[in-house]
Amino acid sequence: QGQLRARPPTGKGEGPWLPSHFVLTESRLLQLRSPDASQPPEAVFSLNVNCAVFETTLFPFSFQLVTTGKVLHAAGR
């Protein structure tokens, strides 16, 4: 569990990279608006052997997680 900055999803503009709370399980990465578990996840990324991670230069300490059907751009704080 922890915080990363996340780029707005494609199609929602080029807004600021906002802090999000992430929870990593054995098969999923959950993106939450806050550590408060009472809210549904903002996004769920399914993790499997077809996933890939790439370093990017979009933001300091940023990376791209590519899953089946979804892409996450995130950066360390």
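Bear in mind the structure is a predicted one, so any value in this text is a computation, not a measurement. The figures here come from the full heavy-atom set of this structure, side chains too, leaving out hydrogens, waters and symmetry mates.
In terms of the side-chain contact (heavy atoms from CB on, under 4.5 Å) criterion, residue partners of Gln1 (sequence neighbours excluded) are, by chain and number, His21, Val23. Gln64 meets the side-chain contact (heavy atoms from CB on, under 4.5 Å) test with Phe54, Thr56, Val66, Val71, His73; sequence neighbours excluded. Qualifying side-chain contact (heavy atoms from CB on, under 4.5 Å) partners for Arg28, counting only residues two or more places apart in sequence or in other chains: Thr25, Leu30, Val44. Among residues two or more places apart in sequence or in another chain, the side-chain contact (heavy atoms from CB on, under 4.5 Å) test is passed with Pro19 by Gln3, Arg5, Arg77.
Remark: the Ser34 side chain and the Asp36 side chain contain no N/O donor-acceptor pair separated by less than 3.5 Å.
Its side chain within the 4.5 Å cluster rule, Leu58 clusters with Trp17, Phe59 among the Ile, Leu, Val, Met, Phe, Trp and Tyr residues. The other members of the hydrophobic cluster of Val53, by chain and number, are Leu4, Phe22, Leu24, Leu29, Phe45, Leu47, Phe63, Leu65, Leu72 (side-chain heavy atoms under 4.5 Å, ILVMFWY only).
Considering every non-hydrogen atom in both Pro60 and Ala75, the closest pair reads O-CB, 3.5 Å. In plain terms, the two heavy atoms of Cys51 and Ser46 that are nearest each other are SG-O, 3.6 Å.
Annotation: the span from Ser20 atom OG to Arg33 atom CZ amounts to 8.5 Å, rounded to 0.5 Å.
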